[in-house]
Protein chains: 2
Amino acid sequence: MKNPNRAFKDAIYEQFARIGKAVSSPKRLELLDILCQGPRTVEVLAKELSLTVANASQHLQILRTARLVETEKEGLFVIYRLADQAVCEFFLAMRVLAESRLAEVEQIKRQFLEGREGMEPVNREALLELVREGAVTVLDVRPAEEYNAGHIAGAISLPLKELERHFSDLPRDQEIVAYCRGPYCVLSIQAVEMLRAKGFKAVRIEEGIQDFRAMGFPIVVNEEV
Amino acid sequence: MKNPNRAFKDAIYEQFARIGKAVSSPKRLELLDILCQGPRTVEVLAKELSLTVANASQHLQILRTARLVETEKEGLFVIYRLADQAVCEFFLAMRVLAESRLAEVEQIKRQFLEGREGMEPVNREALLELVREGAVTVLDVRPAEEYNAGHIAGAISLPLKELERHFSDLPRDQEIVAYCRGPYCVLSIQAVEMLRAKGFKAVRIEEGIQDFRAMGFPIVVNEEV
DNA sequence: CTATTATTCAATAAATAAATTGAATAATTA
DNA sequence: TAATTATTCAATTTATTTATTGAATAATAG
């Protein structure tokens with residue numbers, strides 16, 4: 001070893017790599033993405049990712065070893081949550097980097113949305129402005145608990161599962177903008193398809209709640225029951 | 001497969017994981033850190049990390065596959081550089097996250113600096129303010145090429161290797177603040193030790209050139225020769 | 001053309017990580 | 001207390017990653 005500082009540097013970068021290793025698995029990234037939305041039990045996470053519970057538990061423990069998530073035992077359940085909001089911001093930064101550096105991401109997305117109406121990349125800035133002004137009906141199509149945990153001020157909660165039962169509550173003259181968890185969540189895609197099939201003027205906005213938060217949109221949190 | 005969108009999500013998160021895998025090795029993180037300072041040849045990078053050239057080349061190719069770095073052939077040499085300044089910012093974000101989440105980082109650093117004078121965590125804000133005001137002599141102890149590629153406005157270039165020959169150029173009445181590549185670069189540590197041994201009032205500032213840039217310090221770039 | 005030099009490639013062995021399976025643990029309910 | 005449920009543990013197989021080595025390639029200089 002020529003350089004006497006090698007051991008120090010090795011030790012430091014090995015620590016940095018703990019974070020890197022934690023985010024080097026697609027499954028763990030998806031877990032982080034969901035945990036950005038709020039705390040979840042192992043069971044719920046496993047189901048969301050179509051993993052066995054044991055496998056999900058293992059991945060979660062790796063995230064915990066890297067101190068990116070924390071746990072709390074509540075009765076029979078173990079609730080996992082992000083250790084810090086900074087972890088969510090880091091995940092978002094990584095997503096943005098992947099989107100900007102890897103053309104494949106855009107390609108996979110385009111391929112998935114191909115042929116579906118209302119999903120074409122709209123003029124995002126203009127749409128965001130309309131949302132800001134309240135000039136459109138903003139629909140939060142995530143499950144009610146997630147809406148309660150935090151939603152865009154002025155947005156209406158209408159979980160995808162209940163959409164069919166509430167068509168009559170929605171305006172036919174005004175544009176409807178649906179959002180969900182983010183660009184890779186399909187809830188808003190399905191919602192817009194259903195709405196369009198019924199003749200509504202609906203469009204999807206890719207941004208998820210964390211993106212809106214990062215952009216400084218006012219977020220409303222409902223009281224816990 | 002219960003969920004028909006699984007394939008889409010798997011494809012997306014697999015792309016994200018390409019970035020994660022690229023930054024999951026300590027060696028590749030160190031390579032990125034150095035490349036944040038500027039372009040380098042394979043040979044130089046290999047030497048800096050005490051790696052074989054073949055091994056360094058392999059790591060660099062992995063970074064290139066993840067589109068984090070780019071290459072350019074110049075004569076016999078292949079020059080690697082970051083593909084985008086955003087990659088440097090991402091690396092810094094990862095470093096900050098590791099520092100905040102992993103207590104081990106601070107511990108390793110403390111252990112390394114133990115017993116050395118001038119390295120105690122000084123009042124950073126106050127010191128930065130002095131640097132900003134030009135109330136202290138600011139020493140850039142990196143190699144001259146790196147100084148030329150970008151340095152804090154007002155800083156004097158005095159590479160560690162030439163320090164001994166230029167003691168007489170330095171003020172004995174004013175405080176000297178040395179900086180280098182960042183908190184895990186040892187150049188400024190060695191410089192401060194040498195200066196103190198000669199009776200100068202020298203302190204180290206942990207921040208590296210990329211940190212100063214991120215903090216909005218004015219950076220001066222010398223004309224290429 | 002030959003020699004030199006920087007880099008990459010290819011093959012291998014060793015280490016590490018991933019998913020699967022079934023058993024073990026811990027908290028709760030009947 | 002026994003049964004149930006959510007989670008973790010441990011063992012295994014399979015796949016991936018890492019470092020090492022020596023050969024191959026490509027650009028340049030003699």
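This structure is a prediction, so every number in the text was calculated from the model and none was measured. Protein chains get the first letters and strands the later ones, always in sequence-line order, with residue 1 at the start of each.
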Looking only at side-chain atoms of B:Val78, point me to the closest of C:dA6, D:dT18, C:dT8. C:dT8

Under 4.0 Å from any atom of DNA chain D, heavy atoms only: list the residues of residues 30-42 of chain A that qualify, in numerical order. A:Thr41, A:Val42

Heavy atoms within less than 4.0 Å of DNA chain D: which residues of residues 11-21 of chain B have one? Give them sorted by number. B:Lys21

Spatial distance of atom CD1 (B:Ile62) from atom CZ (B:Arg28) [nearest 0.5 Å]: 4.0 Å

Between P on C:dT8 and CZ on B:Phe77, what's the gap in Å once rounded to a whole number? 12 Å

On the 0 to 90° scale, with breaks at 30° and 60°, tag the A:His151-A:Tyr147 ring pair as parallel, tilted or perpendicular. parallel

Would a line drawn from the ring center of B:Phe217 to the ring center of B:Tyr179 be shorter than 6.0 Å? no

How long is the straight-line distance from CG of B:Leu35 back to CG of B:Leu68, given to the nearest 0.5 Å? 10.5 Å

Rounded to whole Å, how long is the line connecting atom CG of A:Asp10 with atom P of D:dA19? 10 Å

Describe, in one word, how the ring planes of B:Phe8 and A:Phe112 are oriented to each other, choosing from parallel (under 30°), tilted (30 to 60°) and perpendicular (over 60°). parallel

Given protein heavy atoms under 4.0 Å, the one-letter contact record of nucleotides 20-27 of chain C, with B base, S sugar-phosphate only and - none, is simply BBB---BB

Is there a donor-acceptor pair closer than 3.5 Å between any side-chain N or O of A:Tyr80 and the backbone N or O of A:Arg64? no

Given D:dA19, is OP1 or OP2 found less than 4.0 Å from the side-chain N or O atoms of B:His59? yes

For atom CG of B:Leu60 and atom P of D:dT18, their distance in whole Å: 13 Å

Quick one: A:Lys27 NZ to D:dT16 C1', roughly how many Å, whole number? 17 Å

Side chains of A:Thr65 and A:Gln61: do they bring a donor and an acceptor to under 3.5 Å? no

At under 4.0 Å between heavy atoms, what does B:Arg28 touch on the DNA or RNA strands: base, sugar-phosphate, or nothing? sugar-phosphate

Starting at CD of A:Glu43 and ending at C1' of D:dT8, how long is that distance when rounded to a whole Å? 14 Å

Using atom types as modelled and distance alone, determine if a side-chain donor or acceptor of B:Arg204 lies under 3.5 Å from a backbone N or O of B:Pro183. yes

